[in-house]
S.K.: 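So that we are looking at the same thing, I have put the structure below in structure tokens.
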Amino acid sequence: MLTINQIRENKDEVIRLLKIKNFDASSIIEQILQIDLERRNLRQSLDNLQAEMNKTSEMIGKLFKEGKASEANLAKEKTGQIKEEIRLKNEAFSKAESDQHALLVLLPNTPNPSIVPGKSAADNEHIREGGKMITPNPSMIPHWDLAKKYDLIDFELGNKLTGSGFPVYKGKCAVLQRALISFFLDEATEAGYNEVMVPLMVNEDSGFGTGQLPDKEGQMYHATADNLYLIPTAEVPVTNMYRDVILNESDFPVRNTAYTPCFRREAGSYGKDVRGLNRLHQFDKVEIVRIEKPENSYQALEEMVSYVESLVQKLELPYRIIRLCGGDMSFTSAMTYDFEVFSAAQDKWLEVSSVSNFESYQANRLMLRYKPTGEKKTRLAHTLNGSALALPRIVAAILENNQTENGIKIPECLVKYTKFDFIN
RNA sequence: GGAGAAAUGGCAGAGUGGUCGAAUGCGGCGGUCUUGAAAACCGUUGUUCGGGCGACCGGACCGGGGGUUCGAAUCCCUCUUUCUCCGCCA
């Protein structure tokens with residue numbers, strides 16, 4: 001979330017930037033500032049009362065020590081009134097604080113000033129494209145039919161075991177999944193990311209830290225008996241490793257990568273985009289997560305984009321890079337690049353990665369700070385993450401784009417992992 | 001799952017009702033000494049909120065939450081976590 005200081009000091013700027021996301025913040029911000037003023041007044045008088053109380057208690061202690069019990073008892077009687085005042089002020093202060101917090105949480109992250117406004121995906125900025133484009137032709141078979149033809153993915157079996165959106169990968173396709181995971185992790189390690197393996201369930205604090213809670217509560221699977229959430233992305237546990245952490249400047253760069261399955265309820269998304277591997281409740285993904293000093297975060301974002309680009313290039317997939325417009329960006333992001341690969345038989349661009357800079361929005365929730373060398377004050381760090389990459393749509397594109405009459409060709413870069421170069 | 005013990009500053013570890021934000025040691029930082037380093041010695045060393053241009057002043061924080069008390073790291077309740085023993089177990 002945004003900090004109260006950001007809002008207090010740059011009110012108009014914040015309102016202006018949030019308009020880019022089609023969010024009218026003016027009335028919320030007015031309320032916040034009003035509560036903030038009240039809150040600080042209460043804080044001050046509360047502090048004064050407590051100081052008075054401390055002094056009195058200290059005096060009483062001294063009197064008892066000096067054997068002046070009657071004077072001490074007299075002083076004691078006066079404390080009741082101060083105590084009551086403290087109780088009342090404290091109540092009011094707590095209320096102001098929680099009211100303020102409740103309002104702050106409603107504000108999305110401010111987009112980077114260079115973000116174009118826009119209403120929907122149609123207004124996104126096209127950055128560049130690459131790879132060899134494939135012209136779709138009617139003889140191409142969509143991946144769900146290829147999956148059946150070569151016995152690669154059993155959606156019905158997943159239905160039986162769990163429900164829709166939980167496919168069973170079989171034989172060479174199971175191996176292909178494993179190969180992609182290994183390939184992505186090896187590439188990330190090579191690029192300087194530190195591999196970690198993290199819990200697939202997180203607590204409420206973690207969900208709040210990265211911004212899934214409270215607003216996206218309904219999108220996560222919730223194990224209510226233990227109040228734990230199945231992670232929708234490795235971003236949640238990997239970023240939360242740094243919750244309540246104060247980094248030293250020498251700790252940078254902080255770069256982690258993790259493979260995890262991801263679980264998403266996808267509540268409310270029915271319809272045509274859910275066919276085959278296009279949208280699942282459980283899928284595999286390798287994520288890259290960085291923590292940066294504010295002045296380096298946009299350079300880091302560009303590096304991450306280049307890195308993800310190198311992956312789709314090695315996989316020999318036609319791709320395009322898009323920068324999301326204000327209207328299409330997530331609540332928590334300040335700038336997001338999406339990667340889409342072309343899946344020929346569907347004649348469709350499929351989103352396979354989303355790379356974002358959250359600036360200090362998550363860091364403020366996480367209390368993730370760093371201490372610049374030689375300075376006394378801590379500052380909020382910047383957090384970034386990106387998919388590198390999400391598997392199902394990559395698999396869909398590989399199956400569809402690399403199909404031949406006799407089978408499916410495995411991309412060169414994966415052969416050393418799969419130990420086969422053809423599925424038939 | 002059952003029984004017991006514990007949780008204090010970056011770490012180790014004192015502190016069982018009254019200047020305790022907290023002894024001491026280690027570590028870190030600065031300095032003296034040294035050609036340089038080590039050793040030794042001296043100094044310094046948490047987070048956070050509010051007020052002030054500022055020197056600075058005040059509040060909060062000893063696992064989390066609540067309570068008793070004029071006053072709590074210290075007493076009580078509760079939750080969480082860790083350790084030891086027993087049981088179960090990939």
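First the proteins, then the strands, lettered A, B, ... as listed; each starts at 1. FYI, side chains are in, hydrogens and waters are out, and symmetry mates aren't considered; it's all heavy atoms of this structure.
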S.K.: Give the nucleotide from the list B/C49, B/G51, B/C70 with an atom nearest to the side chain of A/M53.
M.R.: B/C70
S.K.: Among B/G46, B/U48, B/C49, which nucleotide sits nearest the side chain of A/K371?
M.R.: B/G46
S.K.: Measure from CG on A/L247 to P on B/U47 and round the result to the nearest Å.
M.R.: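 Distance check: A/L247 CG to B/U47 P gives 14 Å.
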S.K.: Return the pairing partner of B/A60 with a 3.5 Å limit on both distances, Watson-Crick or G-U wobble; otherwise return none.
M.R.: B/U47
S.K.: Which base, if any, makes a Watson-Crick or G-U wobble pair with B/A55, both distances under 3.5 Å?
M.R.: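 Check on B/A55: unpaired, no WC or wobble geometry under 3.5 Å.
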S.K.: Roughly how many Å is it from CG in A/D244 to P in B/G10, rounded to a whole number?
M.R.: 13 Å
S.K.: Counting only N and O atoms by type, is there a donor-acceptor contact under 3.5 Å from the side chain of A/S360 to the main-chain atoms of A/A363?
M.R.: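 Absent.
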S.K.: Suppose we define a pair by two distances each less than 3.5 Å, Watson-Crick or G-U wobble; what does B/C20 pair with here?
M.R.: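 Here B/C20 is not engaged in any pair, so there is no nucleotide opposite it.
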S.K.: For A/F93 and B/G50, give me the distance from atom CZ to atom C1', rounded to whole Å.
M.R.: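 In whole Å, B/G50 C1' lies 9 Å from A/F93 CZ.
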S.K.: Taking atom C1' in both B/G46 and B/C42, what distance in whole Å separates the two?
M.R.: 23 Å
S.K.: Under 3.5 Å for both donor-acceptor distances, Watson-Crick or wobble: does B/G25 have a partner, and if so which one?
M.R.: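 B/C11 is the nucleotide pairing with B/G25.
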S.K.: Is there a Watson-Crick or G-U wobble partner for B/U69 with both distances under 3.5 Å, and which nucleotide is it?
M.R.: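 Its partner is none (no Watson-Crick or G-U wobble pair with both distances under 3.5 Å).
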S.K.: Provide the distance between the two P atoms, one in B/A22 and one in B/G10, to the nearest whole Å.
M.R.: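 B/A22 and B/G10 have their P atoms separated by 15 Å.
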S.K.: Give me the distance, rounded to whole Å, that separates B/G15 from B/U74 when you measure between the C1' atoms they each carry.
M.R.: 8 Å
S.K.: Out of B/G50, B/C70, B/U48, which has the shortest distance to the side chain of A/D47?
M.R.: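 Taking heavy atoms from C-beta onward, the closest nucleotide is B/G50.
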S.K.: How close or far is atom C1' of B/G63 from atom CG of A/D205, stated in whole angstroms?
M.R.: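 About 14 Å, once rounded to whole Å.
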S.K.: If we count only N and O atoms by modelled type, under 3.5 Å, do the side chains of A/E190 and A/Y307 hold a donor and an acceptor together?
M.R.: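 The criterion, which ignores hydrogens and geometry beyond distance, is not satisfied for A/Y307 and A/E190.
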S.K.: Does A/R39 make a side-chain N or O approach to OP1 or OP2 of B/C49 shorter than 4.0 Å?
M.R.: no
S.K.: Looking at the side chain of A/R43, which of B/U47, B/C49, B/G58 is the nearest nucleotide?
M.R.: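 Of the candidates, B/C49 comes closest.
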S.K.: For A/N278, which of A/Q346, A/E351, A/R393 qualifies under side-chain hydrogen bond (donor to acceptor under 3.5 Å, both in side chains)?
M.R.: A/Q346
S.K.: Map A/N54 and A/T79 onto RNA chain B by nearest heavy atom, then report which one ends up closer to the 5' terminus.
M.R.: A/N54
S.K.: Among B/C70, B/G59, B/G50, find the nucleotide with the atom closest to the side chain of A/R8.
M.R.: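 Nearest listed nucleotide: B/G50.
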S.K.: What's A/A75 touching, base or sugar-phosphate or nothing? Going by heavy atoms closer than 4.0 Å.
M.R.: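 Result for A/A75 = nothing.
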S.K.: Determine whether a donor-acceptor pair (N or O, by modelled atom type, separation under 3.5 Å) exists between the side chain of A/S353 and the backbone of A/S387.
M.R.: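 Yes; at least one donor-acceptor contact below 3.5 Å.
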S.K.: On a whole-Å scale, what distance lies between the C1' atoms belonging to B/U45 and B/C89?
M.R.: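 One C1' to the other, the span is 48 Å.
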S.K.: Expressed in whole Å, how much space separates the C1' atoms belonging to B/U80 and B/U68?
M.R.: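 To the nearest whole Å, 23 Å.
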S.K.: Would the number of heavy atoms belonging to other residues, nucleotides or ligands and lying under 6.0 Å from CE of A/M197 be above 12?
M.R.: no
S.K.: Please work out if A/E58 contacts a base, only the sugar-phosphate, or nothing of the nucleic acid, heavy-atom cut-off 4.0 Å.
M.R.: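 Since no nucleic acid heavy atom lies under 4.0 Å of A/E58, the category is nothing.
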S.K.: Going by purine N1 to pyrimidine N3 plus the second Watson-Crick contact, or the G-U wobble pair, all under 3.5 Å, which nucleotide sits opposite B/A40?
M.R.: B/U32
S.K.: Say you pick atom P in B/G2 and the same atom in B/G9; how far apart are they, in whole Å?
M.R.: 30 Å
S.K.: Say you pick atom P in B/C86 and the same atom in B/G71; how far apart are they, in whole Å?
M.R.: 46 Å
S.K.: When the distance from CG of A/N248 to P of B/G10 is rounded to whole Å, what number comes out?
M.R.: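 Atom-to-atom, A/N248 to B/G10, this comes out as 11 Å.
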S.K.: Given B/G59, B/U48, B/C70, identify the nucleotide with an atom nearest to the side chain of A/K83.
M.R.: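 Among B/G59, B/U48, B/C70, the one nearest the side chain of A/K83 is B/C70.
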S.K.: Flag yes if more than 12 heavy atoms outside A/K172 fall under 6.0 Å of its NZ atom; otherwise flag no.
M.R.: yes
S.K.: Please tell me whether A/S114 and A/N112 have a donor and an acceptor in their side chains that are separated by less than 3.5 angstrom.
M.R.: yes
S.K.: Just the rounded figure in Å: distance from P of B/C79 to CG of A/N227.
M.R.: 16 Å
S.K.: Does A/S57 reach a base, just sugar-phosphate, or nothing at all? Heavy atoms under 4.0 Å.
M.R.: base
S.K.: Given atom CZ of A/R369 and atom P of B/U48, what is their separation to the nearest angstrom?
M.R.: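 It is 5 Å, rounded to the nearest whole Å.
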S.K.: Expressed as a whole number of angstroms, how long is the span from A/N48:CG to B/A60:C1'?
M.R.: 14 Å
S.K.: Of all residues at least two apart in sequence or in a different chain, which pass the ring pair (Phe, Tyr, Trp, His ring centres under 6.0 Å) check with A/Y417?
M.R.: none
S.K.: Hey, does the side chain of A/R40 come within less than 4.0 Å of B/G51's phosphate (OP1/OP2), counting only N and O?
M.R.: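 Indeed, a polar side-chain atom of A/R40 lies that close.
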S.K.: Would you measure the distance from the C1' atom in B/U34 across to the matching atom in B/A39 and give it in whole Å?
M.R.: 11 Å
S.K.: Is the phosphate of B/U48 approached by A/K377 (side-chain N or O, under 4.0 Å from OP1 or OP2)?
M.R.: no
S.K.: If we call it a pair only when both distances are under 3.5 Å in a Watson-Crick or G-U wobble match, what pairs with B/A5?
M.R.: B/U82
S.K.: Please compare A/Q50 and A/M367 by the position of their nearest nucleotide in RNA chain B and report the one closer to 5'.
M.R.: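 Mapping each residue to its closest nucleotide by heavy atoms, the 5'-most match is A/M367.
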